[in-house]
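Since the structure is predicted, the reported quantities are computational estimates derived from the model, not experimental observations. Only this structure's heavy atoms are used, side chains among them; waters, hydrogens and symmetry mates stay out. Counting from 1, the numbers follow the sequence of the chain as shown.
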Amino acid sequence: MALESRITQEEIKKEPEKPIDREKTCPLLLRVFTTNNGRHHRADEFARGNVPSSELQIYTWMDATLKELTSLVKEVYPEARKKGTHFSFAIVYPDPRGKMYRLKDIGSTVSGRKGADDSMTLQSQRFQIGDYLDIAITPPNRAPPLSTRMRPF
């Protein structure tokens, strides 16, 4: 008799996270790369020790939410403060089988609106210290590009 795991993505996301005492825990350096064309950087832009030039360095904790990171990015980029600006987040991590990097979409936020991904944390998405964060920023007057998961047919 074969047993099958029936753990869903929702149950994985609902795993209780250990609360982080920000007074006693040293923050991590989060290297963030942004684009303002609505598309993420290509994985090959991170190859062989190279990184894109649009780097922000943020000191934060593993329990930082996407909404919290959005507000930090908006402090640096005034044009991203407009209501309706779309922020798409991806973790950039080294592929354990090779010398290349991979991108994993983790969620999105919209400036001035509440969303389902606002309270998502780095920890809940299995971010590891040393990974990068790539944020594709789309101005409010342009629709975000269709995700590969959302087929138009």
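- Side-chain atoms of Pro139 and Glu79, non-hydrogen and from C-beta on, never get closer than 4.5 Å to each other.
- A donor-acceptor distance shorter than 3.5 angstrom exists from the side chain of Ser54 to the backbone of Thr34, with no hydrogens or angles considered.
- Of all heavy-atom pairs between Ala90 and Asp105, the closest is CB-OD1, 3.8 Å.
- With rounding to the nearest 0.5 angstrom, the CE atom of Met100 is 8.5 Å from the CG atom of Asp44.
- Linking Ile, Leu, Val, Met, Phe, Trp and Tyr whenever their side-chain heavy atoms come within less than 4.5 Å puts Met62 and Leu66 in one cluster.
- Side-chain atoms of Arg102 do not come within 3.5 Å of backbone N or O of Asp95 as any donor-acceptor pair.
- A single hydrophobic cluster is seen to contain both Leu133 and Tyr77, as judged by linkage of ILVMFWY side chains at heavy-atom distances under 4.5 Å, directly or through other members.
- A continuous path of ILVMFWY side-chain contacts below 4.5 Å connects Phe89 to Val76, so both sit in one hydrophobic cluster.
- Atoms OG1 and CG, from Thr35 and Asp134 in turn, are 6.0 Å apart once rounded to the nearest 0.5 Å.
- With a 6.0 Å radius and a threshold of 12 heavy atoms from other residues, nucleotides or ligands, Gln128 has its CD atom at or below the threshold.
- Contact annotation: the side chain of Leu56 never approaches that of Leu72 to less than 4.5 Å [non-hydrogen atoms, C-beta and beyond].
- Taking 4.5 Å as the limit, some side-chain heavy atom of Leu122 sits within range of a side-chain heavy atom of Leu30.
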Subject >> Audit row: Asp63, Arg22, side-chain contact (heavy atoms from CB on, under 4.5 Å) steps and yes/no >> reply: CA-CA 9 Å; Asp63 66 347; Arg22 291 187 174 194; 2.8 Å; yes

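- Taking CG from Leu29 and CD from Gln57, the interatomic distance works out to 5.0 Å, rounded to the nearest 0.5 Å.
- With sequence neighbours excluded, the residues satisfying side-chain contact (heavy atoms from CB on, under 4.5 Å) with Thr65 are Lys67, Glu68, Thr121.
- Put simply, OG on Ser53 and NE2 on His41 are 7.0 Å apart, with the number rounded to the nearest 0.5 Å.
- Counting only distance, with no hydrogens or angles, the side chain of Arg81 and the backbone of Glu75 share a donor-acceptor pair below 3.5 Å.
- Side-chain heavy-atom separations under 4.5 angstrom define the hydrophobic clusters, and the remaining members of the one that includes Tyr101 are Phe33, Phe46, Val51, Val92, Leu103, Tyr132.
- Evaluation of the side-chain contact (heavy atoms from CB on, under 4.5 Å) rule for Thr85 yields Ala80, Lys82, Phe87, Ser111, Ile137, Pro140 as partners, not counting sequence neighbours.
- Between the side chain of Trp61 and the main chain of Ile20, no donor-acceptor pair closer than 3.5 Å is present.
- Clustering ILVMFWY residues whenever any of their side-chain heavy atoms sit less than 4.5 angstrom apart, transitively, puts Ile58 in the very cluster that holds Ile129.
- For the pair Lys104 (side chain) and Tyr93 (backbone), a donor-acceptor distance under 3.5 Å is absent.
- Taking CG of Asp131 as the reference point, atom CG of Leu28 lies at 10.5 Å (rounded to 0.5 Å).
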